[in-house]
Amino acid sequence: MVNEALNQPITIREGKRTRKTTKLDGVILTMLTAALKGDAKAQASLIALLRSLGMTGEPPEAPTQEPFTADDQGLIADYFRRNGSTLQQPTDGDGNETPADSTHSERKTKS
């Protein structure tokens with residue numbers, strides 16, 4: 001639905017002449033024109049668009065993913081326990097199970 005709406009034709013005016021284009025092209029041309037006139041929000045939006053399309057010549061940012069902690073593994077195990085599945089323990093490159101993060105203390109219950 002969005003794709004269909006963005007590809008609808010419109011007529012735009014450039015100086016004294018008019019031409020037909022899509023709504024998406026019209027939005028991009030409007031953003032570009034505003035950015036060239038010094039509109040800081042339009043400039044930021046244009047740079048964000050260029051980055052998302054990989055058009056800035058910069059290498060893309062690597063996603064940062066923190067390793068699981070013992071608390072994370074406990075939460076995941078609890079989720080799977082409540083939903084009838086099992087949690088596979090993480091393994092190292094040789095297929096051996098890796099121990100849980102020992103920097104976090106586990107809760108002890110009183111008997």
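Going from atom CG of D39 over to atom CE of M31 covers 10.5 Å, rounded to the nearest 0.5 Å. Taking OG1 of T33 as the start and CD1 of I28 as the end, the distance is 11.5 Å to the nearest 0.5 Å. Summarising the geometry, atom CG belonging to L46 is positioned 9.0 Å from atom CE belonging to M55; distances are rounded to the nearest 0.5 Å.
Put simply, I10 and V27 are part of two different groups of oily side chains (I, L, V, M, F, W, Y) that touch within less than 4.5 Å, one to the next. Note on L32 and L53: same hydrophobic cluster, where clusters join Ile, Leu, Val, Met, Phe, Trp and Tyr whose side-chain heavy atoms are under 4.5 Å apart, directly or indirectly.
Closest heavy-atom contact between A42 and A34: CB-CB, 3.6 Å.
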### Task
Carefully, step by step, assess T18 and I12 under the rule side-chain contact (heavy atoms from CB on, under 4.5 Å).
CA-CA 5 Å; T18 60; I12 61 170; over 6 Å; no

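Checking side-chain atoms of D25 against main-chain N and O of T21 turns up no donor-acceptor pair under 3.5 Å.
The local environment of CD in Q8 is crowded, with over 12 non-hydrogen atoms from other residues, nucleotides or ligands closer than 6.0 Å.
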